[in-house]
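Inspection log for the structure reproduced underneath, given as structure tokens.
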Amino acid sequence: MRFSSSYEPGEYESDIYAAWETSGIFNPKMTTLPVDNNDDGIDDREENISDSKTFSIVMPPPNANGNLHIGHGLTIALEDSLTRYYRLKGRSSWYIPGADHAGFETWVVYEKELEKSGHTRFEYSRDELYARVWNFVAEQRGNMELQLRALGASCSWDDLTFTLDENVIDRVYTTFEKMWNDGLIYRGEKLVNFCPKHQTAFADIEVEHEDEKGTLWDIAYKLVEEPKDASLALSREIIVSTTRPETLFGDVAVAVNPNDERYKDLIGKHVELPLTDRTIPIIADEHADPEYGTGAVKITPAHDFDDFEVGERHHLERIQVIAEDGTMINVPEEYNGSTTAECRKKALKNLKEQGLLKGEKKIEHTVAHCYKCGTTIEPMLKEQWFIDVERLAKTAIEHLENNEIKFYPDNKRKILIDYLKNLKDWNISRQIPWGIAIPMFRKIDDRATDEPEWIFDRRTNLKEIEKAGVKYIRDEDTFDTWFSSSHWPIVCTNWTEENYNPYYPLNVMETGADILFAWVARMIMMGIYVTGEVPFREVYLHGLVLDAHGKKMSKSKGNVINPMDLVTRYGSDAFRLGILRGRSAGMNQAFSENSVISGRNLCNKLWNISRLIQSLVDENEQSERENLISEGIRSYDEDERADPVTTGVGDAPRRNNDFSLAYSTLNMGEDWICREINDCLKQVEKDMKAYRFAEAVEILYQTIWDKYADWFLESQKIYKNTELLKITLEMLLIALHPFAPFVTETIWQNLSWTEGFIATAKWPVKLQYDPISAENFENIRIIVSEVRTTLQSLPGTNNSKKYNLLYDNDSLVDDNRLLIQTLSKVPAINPLDGSPRGLRLALVNHELYLDVSEKVVTTYKDTLTEKILSTGRELNALNARMMNPNYIKKAPEHLVKETEDAIREKESLINRLKQQLSLI
RNA sequence: GGGGAUUUAGCUCAGUUGGCUAGAGCGUACGAUUCACAUUCGUAAGGUCACAGGUUCGAGCCCUGUAAUCCCCACCA
């Protein structure tokens, strides 16, 4: 016996994965491309591999030195199912794994380590820090990759791309250079989102906005000039409202709305800036909302995004009063060097003393925070590299509106277009050492006046370079990680300008819906900019995996589920099946251990199905050997055979597999299972095309369990067709393989007749069967179910419910007595002798009786009455429909006919039930 | 402020172009027991499809409105 009585995933999974990996079947070039593709191989590729024969997908790179979380588990389950499915479908499938240097994340972790050891980043040069983090990551690396293997990811490990690989940096520099030459890159002093704790700038999308309670203070700014009309002068002062009094030192104007009658003649006048000896002008700008507060607003271009724009419009000075470390600068001595909070306190105190603080009120407003540490983001004036996104966004929108990329869920396409329409220029400078150095150098030789201030150069390993006798110094910033990762489909597939690449664009990009803007949008813009083509044809976005109660998982709530823990306890397949269940594109959905348990149960069921079939095959071979010796003819008893309604499909099935097996269907159950498996395969194909993973798993689950095991295998305990058993088992194993790779491969390796890996088997072609015969089995099923239901509803709670079944003038039953008896577990099935007796089953086309005593029938009276009533209600509804002349006129013909048939059936059923009742 | 989604059985979700007598898994209840599988088998109960209108022969599905929950975007001092 090869199979133990239950499937123990832990015993097989790692060996199975190792066997796959060493055989190289996950590497598409090895399995399907011509061998000589080194020199002239490109041409071969073009000839031999058309787009429809390839399938490519890239892995969103998990943090190289982290552990996989539940979201990764879902990602892998989705991506690997697709990859394995298309591999079985015969495509040259390339699943490209990745590892992320996770610029900011890793830097934060490392900086903490540094702080623990009593050091700070400022003690080291950028190059030193880079080298230190590199070593730190190298030490930690590896776990994640082992976990991907444990999840069964069938990715091509030779092609693993690390986000700091040389070819990645090279490609990023090439793009940057192209953009620089195209004038899409500019250096600008702008307000950027700055985290004072991490001392780096962020892009808009990296900032989290939260509602917070705050205080709005009213501050009086005294007018310098006497107004023309004293009544409009508001007591010779203007009140402005602010949530940030400390920034008043950076004020350069007070703005009022040009249409605001109250202030019309103050425009152009000046006010004294409190706590300073400066005076600032009153300007007119639409930004000031007459409805809000006093309608006058202080303008601080260096520390507020709106004010920055106002300042641009009016060519105002930008006075920076908050330094990068969050302390005050360029302010009166008293405040200099204090933190913003201290400064605010002092300033308010002084304003109050001078009688300039006119009021305060509690308000709720949104405040920007660092997404990592929660520190309030300080808008900071900085020189940074920006990408002028207008052209990129516009082109991307055109391709999107042209429907070149299909989205799952569909509505994300429009959301993305709207986002791109409002996209602002993209700050790509980061002040952290762990990342790709920006390849720009600034002239330090002032005499070389003809030379540009900034030049592009790839030699970022050098702090200083010399070009044409002029010295330049390196910009110390690194790229925003999204800038490099926007190249992901390009770098992973090794796309080049020179050669045709059958794997680009990717067939599908699968990732989290939460990074639609940060990543998907940028990949599209960059893909089009670099290659002229969209980087992928379809996008599948998954939502968040929530806990069992639909709540977000978080460490603080303690409801985090570790995927590896589930894999250890229930097996990789169980986890994959479990996490795919009840999940659809783009939705945040709950996940619980129960679904994993149900996946585990399916694996075990499949294991035992295989165990049974293997034993039947072994038995058959044994008896064939014996028959050979004794010249016997058949392995099963002819007398027990049911009516051979089958036509028996003699043709060998058209399978391309190396292990093609001939089969024929010999009875109804066999035709029936062929039909059901065909339907199932068709449904799975449809579901996979539409990325309906949960539905694909569901139909497989039902087919394997409810149909194959519960009905077909039970029927095969009477009539054994080992060739068909082999074929159908293979088909189901292959069909489930994309979702449950380990158990299907383990079984495949254990079965006596299969060869090679199931992972590279061919997706099955449809079976041939006799449809009439299949439908007959369906009728048998209905009969058996009715017998079971009726038996259950009869009084009595135990084995005493063993009644014979009687039939009258029914060839289907007559021909399948043994089958019905076995399935329904009645002691015997006999033709009715004499007049009907016992309890008649509520079946339309069959006259069947359970041979029970009068007494039992009597106790069944209530059930029978209820049945008559409910059938009557159904009949009434149908009749009402037919009474409606519009229904007959307007509804499709076949529906009307169906209704008519249904009415006839209900009527006859009621009559029979009534007849039955009257006998009692 | 703008936008997107969700609302169907106790729980988690299906329900694709309207044809539904609304399904599944888990859970619950009742029953089975020696063989492939208790990680099992059989049976059942459980729903005003959020609410209110409308379109239609027919609405869980389409339209209008309302409510609740969740998410994203946004510069409101």
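Chain letters run A, B, ... following the sequence lines, proteins first and then strands; every chain starts at 1. Since the structure is predicted, the reported quantities are computational estimates derived from the model, not experimental observations.
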* Using Watson-Crick or G-U wobble pairs with both distances under 3.5 Å, give me RNA chain B in dot-bracket, 5' to 3', with [ ] for crossers and | for pairs to another strand. => (((((((..((((.....[...)))).(((((.......))))).....(((((..]....))))))))))))....
* So, Asp285(A) and His314(A): side-chain donor and acceptor under 3.5 Å apart, yes or no? ->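 Checked: Asp285(A)/His314(A) side chains pair up, N/O donor to acceptor below 3.5 Å.
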* Answer yes if the side chains of Thr728(A) and Tyr708(A) hold a donor-acceptor pair under 3.5 Å, and no otherwise. =>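 Distance-only check passes for Thr728(A) and Tyr708(A).
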Report which part of the nucleic acid [X] touches: base, sugar-phosphate, or nothing (heavy-atom distance under 4.0 Å, all strands).
| X | result |
| --- | --- |
| Lys717(A) | base |
| Thr366(A) | base |
| Asp307(A) | nothing |
| Trp217(A) | nothing |
| Glu714(A) | base |

* Asked: In residues 240-251 of chain A, which ones come under 4.0 Å of RNA chain B, going by heavy atoms?
  ->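 Heavy-atom cutoff 4.0 Å gives Ser241(A), Thr242(A).
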* **N or O in side chain of Lys552(A) less than 4.0 angstrom from C70(B) OP1/OP2** =>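 The answer is no; no side-chain N or O of Lys552(A) sits under 4.0 Å from OP1 or OP2.
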* **5′-ward residue of the pair Glu8(A)/Ile609(A) relative to RNA chain B** =>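 The residue closer to the strand's 5' end, by nearest nucleotide, is Ile609(A).
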* C13(B), U43(B), C41(B): which one has an atom nearest the side-chain heavy atoms of Ser584(A)? ->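 It is C13(B).
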* Asked: How would nucleotides 17-27 of chain B be written as a contact map, 5' to 3', with B for base contact, S for sugar-phosphate-only contact and - for no contact, using protein heavy atoms under 4.0 Å?
  -> --B-B--SSS-
* **Closest contact, heavy atoms only, Thr242(A) versus Arg244(A)** =>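 Where Thr242(A) meets Arg244(A) most closely, the heavy atoms are OG1-N, 2.9 Å.
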